[in-house]
Amino acid sequence: MRSPFKTLVASLLLVGCSSASENGAKNAGPEDGDGDGVSVADGDCNDADDTIYPGADEIWDDGIDQDCDGEDTDSDVERCRDAIPCPEQILPVYNDWDGIAMCSSIESSIEYSAPDPIPDNCLQEVAGSIKIIGGNYDTLDGLPLLTHIGGDLEIGSNPSVTVARFKRLESVGGVLQLGGRISGVASGNDALTTASFPQLSTVEGEWLHVSLNPLLASIELPLLAAVDGSLEVANSTSLQALAFESLETVSGTLDVSTNSGLVSIAAPLLTETGESLVIRDNDALTTVDMPKASTVGLQFNVWENPSLQLLEMPSLVSTDGVSVMENDALESVVLNALETTSDSFFFAYNEQLTNLELGSFRDSGQNLTVMYNDSLCQSAVDDLLETLQERGWSGTSEQYTLIGNDDSC
């Protein structure tokens, strides 16, 4: 168990600025631009606004630090000053929350399926899992101080929830599931537009899964650095941009599929996936930005993305297999760092493909297939085979299929 909740409260309420003058005078001087009686040198953190200075009245939860103490004072933090760990508290299904209202932590799990919002509570840690289903309220933000979940976090079948917000959640010890199938039942969130996890850095379970949320337009995961299992975003038809600004590793599969409105995928710090990297059936996708991805443990599959014109993975060195298939607008593929595919190399039915750059490629494993790419010169495909053989690939004629490409050039 972590330190008592008061540690969190104390850290959020530290005062780092000097007090305003006792008489509260508002006489502007050469170093007091807004006339609030406090200069920048004396601690005014916004000298263009006379409502902001050390000692000013803080307005809770408005995103503004009125008293210059480094924090926008949170009403939930104030309410929970005296919260304590409750190691013996067991919270049964369909529970009465009164018994844990002032608990900073509990050892049990929570299953909440009431039609009303989650009642006020002070929970910072839940050792078990949290399942939230069937909510008929607009905003899911009833665990505002929650920092750690030992088990799973599952959110599904909430027909009216438009926003799911966990503003302090840092880690999930199990799976994180937003929609998809929960306990074997399709459990999308039909009205959800925004899912916000601004502090989440790790998911330690088998997957982080986002699926069957048809109105979802925004997934906020700016600090997510590692997923110990797989990461899947699927069947979210309103999602236009998917950005994992801090993501470095996915131990399982990274799968972005069947998001018909998705235009861009960005994971600028991603270096590896332990299993596959799959980008499939995203009708509007034009941009894939993964400049540091160097290792894909199993298959790198890019299938049926009809608007994608350029596929460039400048750091990809090795993968068991590459499969790029039926991308109708794809004109250019640049994989100049790729050295080996231990299993297969498969390019097929990319009608507009004219450019295939493989500057370091030397071993295509057991299977080399480049076929029925109507605009790709057959002579360039034949040159690829010759280059591989010169670099030591010993594949026989039974291991390569190089047919149906453009014979006219």
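Here, residue 1 is the first one in the sequence, and each next residue gets the next number.
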request  = Determine yes or no for a side-chain-to-main-chain donor-acceptor pair under 3.5 angstrom, with N405 supplying the side chain and V370 the backbone.
outcome  = yes
remark   = Closest heavy-atom pair, S238 versus P214, reported as atoms and distance to 0.1 Å, is OG-O, 2.7 Å
inquiry  = I'd like to know whether L402 forms a side chain to side chain contact (heavy atoms under 4.5 Å, CB included) with M371, so could you lay out the CA-CA distance, the side-chain angles of the two residues, the decisive distance to 0.1 Å, and finally the verdict.
reply    = CA-CA 5 Å; L402 311 174; M371 66 183 191; over 6 Å; no
key: Beyond-backbone contact of V210 with I219, side-chain heavy atoms, under 4.5 angstrom   = yes
query = Is there a side chain to side chain donor-acceptor pair (under 3.5 Å) between Q177 and W207 once you walk through the steps?
reply = CA-CA 8 Å; Q177 185 156 344; W207 63 80; 3.1 Å; yes
query = Could you state the interatomic distance from CG (L123) to CD (E125), rounded to the nearest 0.5 Å?
reply = 10.0 Å
message = Is any side-chain heavy atom of T193 closer than 4.5 Å to one of L216?
response = no
message = Pair D44, S39 - check side chain to side chain donor-acceptor pair (under 3.5 Å), show working.
response = CA-CA 6 Å; D44 194 335; S39 68; over 6 Å; no
message = Between N121 and P119 (side chain of the first, backbone of the second, donor and acceptor by atom type, cut-off under 3.5 Å), is there such a pair?
response = yes
message = Please evaluate residues V172 and T202 with respect to the criterion side chain to side chain contact (heavy atoms under 4.5 Å, CB included), reporting the C-alpha separation (whole Å), side-chain torsions for both, the decisive distance (0.1 Å), and the verdict.
response = CA-CA 7 Å; V172 176; T202 58; over 6 Å; no
request  = Salt-bridge test for R362 and E339: reply yes if a basic N is under 4.0 Å from a carboxylate O, no otherwise.
outcome  = yes
query = CG of L146 to OG of S104: how many Å apart, nearest 0.5 Å?
reply = 11.5 Å
inquiry  = Closer than 3.5 angstrom, by distance alone: can the side chain of T273 be matched with the main-chain N or O of E275 as a donor-acceptor pair?
reply    = yes
query = Could you go step by step and tell me if N367 and T369 meet the side chain to side chain donor-acceptor pair (under 3.5 Å) rule?
reply = CA-CA 6 Å; N367 191 326; T369 301; 2.8 Å; yes
query = Is the side chain of S201 donor-acceptor paired with the backbone N or O of A225 at a distance under 3.5 Å, no angle test?
reply = no
key: Trace of the side chain to side chain donor-acceptor pair (under 3.5 Å) decision for Q378 with D406   = CA-CA 5 Å; Q378 184 66 45; D406 186 1; over 6 Å; no
message = I'd like to check S323 versus V302 (side-chain heavy atoms, cut-off strictly below 4.5 Å). Are they in contact?
response = no
key: Spatial distance of atom CD (E204) from atom CD1 (I149) [nearest 0.5 Å]   = 11.5 Å
inquiry  = Give me the atom names and distance for the closest heavy-atom approach of L385 to W393.
reply    = CD1-CZ3, 3.6 Å
Heavy-atom neighbours of Q240 CD exceed 12 at 6.0 Å = no
Disulfide (SG to SG under 2.5 Å) assessment of C103 paired with C122 = CA-CA 6 Å; C103 291; C122 296; over 6 Å; no
key: Working for side chain to side chain contact (heavy atoms under 4.5 Å, CB included), residues F361 and T340   = CA-CA 6 Å; F361 199 39; T340 63; 5.7 Å; no
Note, L192 side chain near T162 side chain (heavy atom, < 4.5 Å) = no
task = Give a yes or no on whether the backbone of L247 and the side-chain of T249 come within a donor-acceptor separation of less than 3.5 Å.
result = no
Within-4.5 Å side-chain heavy-atom neighbours: V203 and V175 = no
task = Output yes when a side-chain donor or acceptor of N350 lies under 3.5 Å from a complementary backbone atom of N327, and no otherwise.
result = yes
query = Taking all non-hydrogen atoms of both residues, which atom of P314 and which atom of A337 are closest, and how far apart?
reply = O-CB, 3.3 Å
task = Would you check if L153 and F197 make a side-chain contact, meaning some heavy-atom pair closer than 4.5 Å?
result = yes
query = Between H148 and S171, what is the shortest heavy-atom contact and its length?
reply = ND1-OG, 2.8 Å
request  = To the nearest 0.5 Å, tell me how far D255 CG sits from S276 OG.
outcome  = 8.5 Å
ask   = In Å and rounded to the nearest 0.5 Å, what is the CD1 to CG distance from I52 to N46?
value = 4.5 Å
request  = Locate the shortest heavy-atom distance separating N355 from L376; write the atom from each residue and the value.
outcome  = N-CD1, 4.3 Å
message = Nearest 0.5 Å, please: how far is CG in L353 from CD in E351?
response = 11.0 Å
message = Looking at R280, is its backbone amide N or carbonyl O close enough to the side chain of N282 to form a donor-acceptor pair, meaning the two atoms are under 3.5 Å apart?
response = yes
ask   = Between D382 (side chain) and A380 (backbone), is there a donor-acceptor pair under 3.5 Å?
value = no
note = Residue pairs passing the disulfide (SG to SG under 2.5 Å) test with at least one member in residues 335-409, sequence neighbours excluded, are C377-C409
message = In the structure I gave you, are the side-chain heavy atoms of T253 and L277 within less than 4.5 Å of one another anywhere?
response = no
N158, N189, N235 screened by side chain to side chain donor-acceptor pair (under 3.5 Å) with N213, the one that passes = N189
Minimum heavy-atom distance between V38 and P54, given as atom pair plus value = CG1-CD, 3.9 Å
Output a table of donor-acceptor pairs, distance under 3.5 Å, between side-chain atoms of residues 283-297 and any protein atom two or more places apart or on a different chain; print 'none' if there are none.
| residue | atom | partner | partner atom | Å |
| --- | --- | --- | --- | --- |
| T286 | OG1 | V263 | O | 3.4 |
| S294 | OG | T271 | O | 3.3 |

query = Checking side chain to side chain contact (heavy atoms under 4.5 Å, CB included) for the pair L384/L358: CA distance, chi angles, key distance, verdict?
reply = CA-CA 9 Å; L384 171 62; L358 299 162; 3.9 Å; yes
key: Polar side-chain atom of D320 near backbone of T341 as donor-acceptor pair, under 3.5 Å   = no
inquiry  = Please check this pair: side chain of N301 against backbone of Q299, looking for a donor-acceptor N/O pair closer than 3.5 Å.
reply    = no
ask   = In terms of the angle between their ring planes, are Y372 and Y349 parallel, tilted or perpendicular, with boundaries placed at 30° and 60°?
value = parallel
Which donor-acceptor pairs under 3.5 Å do side chains of residues 129-143 form with protein atoms, sequence neighbours excluded?
| residue | atom | partner | partner atom | Å |
| --- | --- | --- | --- | --- |
| S129 | OG | D152 | N | 2.8 |
| K131 | NZ | S183 | OG | 3.1 |

query = Within a strict 4.5 Å, meaning less than it, do heavy atoms of the L368 and Q399 side chains meet?
reply = no
